Amino acid sequence: MLLRARPFGVPAALCLLLPQVVVGFEPVSVYLAVGAASALTGLLLNKDLYCRFTECCLEERPLNATALRLDLEEKLFGQHLATEVILKALTGFKNNKNPKKPLTLSLHGWAGTGKNYISQIVAENLHPKGLKSNFVHLFVPTLHFPHEHQIKQYQDQLQKWIRGNVSACASSVFIFDEMDKLYPGVIDAIKPFLDYYELVDGVSYRKAIFIFLSNAGGDLITKATLDAWRAGKKREDIQLKDLEAVLSLGVFNNKHSGLWRSGLIDRNLIDYFIPFLPLEYRHVKMCVRAEMRSRGTPIDEAMVTQVADEMTFFPKDEKIYSDKGCKTVQARLDFY
Ligand SMILES: *[C@@H]1O[C@H](CO)[C@@H](O)[C@H](O)[C@H]1NC(C)=O
Ligand SMILES: *[C@@H]1O[C@H](CO)[C@@H](O)[C@H](O)[C@H]1NC(C)=O
């Protein structure tokens, strides 16, 4: 009865503990113990109460699409494609009661264009504690997988981690930063988890989300954006289809993309290639204002201009795009 009453999200270990304590005691204390245990279970049954004290993995927590949209609109600048695709991909995936495979997103663009930022926003909208959540895992190759001669170990470890974490929480989120610094082949270790299997060794990965971040393809995106600009086209008129195919092929053929000749691309296991466009002067200004707002300081337009003016822009002649995107905005504001 205790077992059946296990509330959603309460670790099985906790519930199992109770009957085990009871075993071996004489009848009277057994009744007492069962009574106490029931009272405790009753308390635990109150999921809201329980989950206020401990982080719960709520697989069925609906995604609040309005909140996600607001977050993206308020905090991410100049990325109409990424905003649109992320919103569509996540709402579609979370509204689907029976996804056939985990959701896999590959984010591409130069540093400072918002890839890390958007993955943080996505994580927070899926698990309120965001990157600090027990159900959100960030892998950084230079930190977690630094040595080329240990590729085999990394593959085993990665499989073990992902299996362990998805077993504990089906809606786990895995973020792989700096994919371009990952040794070729490491990522292929997770291919079975990303595929259209109902179960892999008894575990279903279909509710998990994998996000890859990479600078690879940044050159292709910049070229396409610049070409559009030179042709007098509006930035917002650049469409995903103009970039997606170029990107997946470019990444597949790039030895330093982390996805070089990867089975993930070969087998079409990546659901979306999402381009992050280089940022213009006006976007840098938006970043500065947003940063001021988040610090609770009044917006000082003179300072906004000053910070934006200090950034360097390319190409040499036209000076349209910020070299570092919005990356150094925070540090520069600290300086003033
Ligand atoms: C969704 O988010 C919006 C904006 O933050 C909020 O007003 C609304 O109450 C939320 N809806 C639910 C069901 O939580
Ligand atoms: C979950 O992943 C983390 C790495 O992010 C790892 O340290 C941990 O051991 C994994 N948990 C399980 C149960 O495998």
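Because the structure is predicted, anything quoted here is derived from the model rather than measured.
- Put simply, the residue from Trp161, Tyr154, Phe212, Phe145 that forms a ring-ring contact (aromatic ring centres under 6.0 Å, His included) with Phe176 is Phe212.
- Looking at every heavy atom in both residues, Leu103 comes nearest to Ala89 through CD2-O, 4.1 Å.
- Considering all non-hydrogen atoms of both residues, Leu226 and Pro315 come closest at CD2-CG, 4.0 Å.
- Every residue was checked against the side-chain hydrogen bond (donor to acceptor under 3.5 Å, both in side chains) condition with Asp242, not counting sequence neighbours, and none meets it.
- If you look at Tyr321 and Trp110, their ring centroids are not closer than 6.0 Å.
- Once rounded to the nearest 0.5 Å, the distance linking CE of Met179 with CG of Leu107 reads 11.5 Å.
- Using a 4.0 Å cut-off between charged side-chain N and carboxylate O, Asp334 and Arg295 make a salt bridge.
- Surrounding CD of Glu198 are at most 12 heavy atoms belonging to other residues, nucleotides or ligands under 6.0 Å away.
- Here the closest heavy-atom approach between residue Ala65 and residue Thr91 is recorded as CB-CG2, 3.3 Å.
- For the atom pair NE2 (His144) and CD (Glu178), the distance works out to 11.0 Å, reported to the nearest 0.5 Å.
- Contact record, Ser322 with Met311: OG-CE, 3.9 Å, taken as the closest heavy-atom pair.
- In terms of heavy atoms, Gly325 sits closest to Val284 at O-CG2, 3.9 Å.
- Considering only heavy atoms from C-beta on, Leu269 stays 4.5 Å or farther from Thr104 through its side chain.
- The minimum heavy-atom distance between Phe93 and Ala208, with the atom names listed, is CZ-O, 3.6 Å.
- The pair Lys152-Asp156 meets the salt-bridge criterion, with a side-chain N (NZ, NE, NH1 or NH2) lying under 4.0 Å from an Asp/Glu carboxylate O.
- Residues His108 and Phe276 place their aromatic rings such that the two centres sit no closer than 6.0 Å.
- Using modelled atom types, one finds no donor on one side chain facing an acceptor on the other under 3.5 Å when comparing Gln79 with Thr113.
- More than 12 heavy atoms of other residues, nucleotides or ligands lie within 6.0 Å of CZ in Arg163, so this atom counts as buried by the packing criterion.
- Here the CZ atom belonging to Arg230 is positioned 9.0 Å from the NZ atom belonging to Lys223, to the nearest 0.5 angstrom.
- How far CD of Glu84 is from CD of Glu236: 11.5 Å, rounded to the nearest 0.5 Å.
- Other residues, nucleotides and ligands place no more than 12 heavy atoms under 6.0 Å from the NZ atom of Lys132.
- Under a cut-off of 6.0 angstrom, the local environment of CD in Glu310 is crowded, with over 12 non-hydrogen atoms contributed by other residues, nucleotides or ligands.
- Every side-chain hydrogen bond (donor to acceptor under 3.5 Å, both in side chains) that Asp309 has, sequence neighbours left out, goes to Tyr281.
- Remark: Arg289 engages Glu301 in a salt bridge, criterion side-chain N to carboxylate O under 4.0 Å.
- Taking the six-membered ring where the residue is Trp, Phe174 and His137 present parallel rings, their angle staying beneath 30° rather than reaching 60°.
- Asn125 and Asn64 are not linked by any side-chain donor-acceptor pair at a separation below 3.5 angstrom, with hydrogens and angles left out of the test.
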